[in-house]
Amino acid sequence: MATYVLIHGSGDSSWYWHLLSAELRERGHDVVAPDLPIEDDTAGLWQYADTVVEAIGDRRDLVVVAQSAGAFTAPLVCERVPVDLLVLLAGMVPLPGEPPEEWWANTGCAQARREQDERDGRAPDDMIALFMQDVPADLAATAFRRERHQSETPGRKPWPLAAWPNVPTRFLLCRDDRLFPADFMRRVVRERLGIAPDEIDGSHCVALSRPKELAERLESYRAEL
């Protein structure tokens with residue numbers, strides 16, 4: 001049995017993982033999915049990591065999965081507790097000393113997204129089409145109703161690690177992601193992690209649209225350890 005540690009992204013909560021958590025528990029695993037203190041203007045990335053570490057407690061056999069901006073927190077957790085595997089799911093790969101709020105400009109994300117919007121014909125104000133075009137409509141509506149305020153505090157200070165943690169790392173790219181288009185993320189992952197990403201069909205919120213497929217992929221990674 002493994003312990004899957006699930007770290008949500010900006011403006012989100014542990015609810016994002018509820019379908020994936022059920023899939024993993026059905027397979028006999030423990031799941032830890034804390035709510036990060038994203039509404040607290042006094043909390044930075046180390047406080048986010050503290051929240052995750054406290055939730056882990058004395059559990060071991062850890063597989064850390066970080067969605068989107070959760071990728072800024074997950075490596076800090078890996079510095080604090082023994083982690084068997086780190087999986088970034090559509091993750092914003094940080095660089096040492098780079099403030100998270102500068103990630104967008106430094107990676108060229110805005111231009112990549114504009115080009116993707118032109119290809120898809122997405123209206124600029126259609127957030128469901130941006131984040132979760134393949135999520136059932138009622139589930140997508142619930143997800144947006146549950147959105148939380150995201151403090152700007154974690155984005156302002158330089159990312160604190162001097163190097164990537166010495167933990168096996170996989171990156172899982174979502175092929176139909178409109179927030180972080182696939183070609184854009186292939187380049188970012190290659191440049192920042194020096195690896196080729198793995199790929200899965202689905203939108204940015206693949207844990208809601210394809211939880212079973214995602215669980216199977218995570219299990220395949222664990223089996224390779």
Side-chain angles (χ1 to χ4, degrees), residues 3-21 30-60 62-83 85-107 109-110 127 130-132 142-167 169 171-172 179-180 188 192-193 204-208:
T3 297
Y4 281 91
V5 181
L6 310 180
I7 303 176
H8 65 76
S10 295
D12 215 335
S13 70
S14 60
W15 180 88
Y16 171 71
W17 299 112
H18 73 284
L19 298 178
L20 177 63
S21 296
D30 194 6
V31 176
V32 175
D35 287 329
L36 301 182
I38 62 172
E39 296 164 310
D40 184 352
D41 287 333
T42 69
L45 291 176
W46 280 119
Q47 285 70 44
Y48 287 18
D50 288 343
T51 298
V52 179
V53 170
E54 290 170 6
I56 291 170
D58 60 0
R59 296 175 177 89
R60 291 296 180 262
L62 306 178
V63 177
V64 174
V65 183
Q67 164 82 18
S68 196
F72 293 116
T73 298
L76 278 60
V77 174
C78 294
E79 290 287 291
R80 301 272 304 279
V81 294
V83 172
L85 176 66
L86 170 58
V87 181
L88 304 184
L89 179 60
M92 300 171 70
V93 184
L95 288 179
E98 177 186 68
E101 67 182 9
E102 296 181 9
W103 184 93
W104 306 89
N106 291 347
T107 59
C109 183
M127 293 296 103
L130 178 62
F131 286 93
M132 51 185 77
T142 299
F144 273 96
R145 285 197 301 270
R146 298 181 69 94
E147 185 177 4
R148 300 161 64 203
H149 169 70
Q150 173 64 58
S151 170
E152 296 180 1
T153 299
R156 291 172 174 158
K157 293 185 178 180
W159 192 67
L161 297 188
W164 199 256
N166 186 24
V167 173
T169 301
F171 191 102
L172 186 54
L179 181 67
F180 301 146
V188 170
R192 293 185 169 223
L193 286 178
H204 189 70
C205 295
V206 71
L208 292 176

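- Between Val167 and Leu86, the shortest heavy-atom distance links the atoms CG1-N, 3.9 Å.
- Expressed to the nearest 0.5 Å, how far OG of Ser10 lies from CD of Gln150 amounts to 4.5 Å.
- To the nearest 0.5 angstrom, Ser151 atom OG is 9.5 Å from Glu39 atom CD.
- Closest approach of Asp50 and Arg80 over heavy atoms only: OD1-NH1, 2.7 Å.
- Looking at Val77 and Ile7, their side chains come closer than 4.5 Å, going by heavy atoms from C-beta outward.
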Can you check side chain to side chain donor-acceptor pair (under 3.5 Å) on His204 and Ser68, steps first, answer last?
-> CA-CA 8 Å; His204 189 70; Ser68 196; 3.1 Å; yes
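- Under the 4.5 Å side-chain criterion, counting only non-hydrogen atoms from C-beta, Trp159 is not in contact with Pro99.
- Contact check on Asp12 versus Arg146 returns no salt bridge, with no Lys/Arg side-chain nitrogen under 4.0 Å from an Asp/Glu carboxylate oxygen.
- A heavy-atom distance below 4.5 Å is not found between the side chains of Leu62 and Cys78.
- A heavy-atom distance below 4.5 Å is not found between the side chains of Glu152 and Glu101.
- Using a 4.0 Å cut-off between charged side-chain N and carboxylate O, Arg192 and Glu98 make a salt bridge.
- In this structure, Pro34 and His8 approach most closely via the heavy-atom pair O-CD2, 3.5 Å.
- Put simply, the side chain of Leu88 reaches to within 4.5 Å of the side chain of Leu193, judged on heavy atoms.
- Residues Ala43 and Thr153 come closest through the heavy atom pair O-CG2, 3.5 Å.
- Atoms CG and OH, from Leu20 and Tyr4 in turn, are 8.5 Å apart once rounded to the nearest 0.5 Å.
- Side-chain atoms of Pro96 and Trp164, non-hydrogen and from C-beta on, never get closer than 4.5 Å to each other.
- Using bins of under 30°, 30° to 60° and over 60° for the plane-to-plane angle, the ring pair Trp104/Phe180 lands in the tilted bin.
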For side-chain contact (heavy atoms from CB on, under 4.5 Å), just list the numbers for Arg60 and Thr3, CA-CA rounded to whole Å, side-chain angles, deciding distance to a tenth of an Å, and then say yes or no.
-> CA-CA 7 Å; Arg60 291 296 180 262; Thr3 297; over 6 Å; no
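- Annotation: side chain of Arg59 is in contact with side chain of Val32 (closest heavy-atom distance under 4.5 Å).
- Looking at residues two or more places apart in sequence or on another chain, you find no side-chain hydrogen bond (donor to acceptor under 3.5 Å, both in side chains) involving Thr107.
- Leu89 CG to Trp17 CH2: the interatomic distance, rounded to the nearest 0.5 Å, is 5.0 Å.
- Here the straight-line distance linking atom OG of Ser13 with atom CG of Leu36 works out to 9.5 Å at 0.5 Å rounding.
- Taking CG of Leu76 as the start and CH2 of Trp46 as the end, the distance is 4.0 Å to the nearest 0.5 Å.
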Would Ile56 and Val5 satisfy side-chain contact (heavy atoms from CB on, under 4.5 Å), going step by step from the backbone distance to the final call?
-> CA-CA 8 Å; Ile56 291 170; Val5 181; 3.9 Å; yes
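- Smallest separation of non-hydrogen atoms from Ser21 and Leu6: OG-CD1, 3.6 Å.
- Between Thr51 and Asp35, the closest heavy-atom pair is CG2-O, 3.6 Å.
- Under the 4.5 Å side-chain criterion, counting only non-hydrogen atoms from C-beta, Phe131 is in contact with Phe144.
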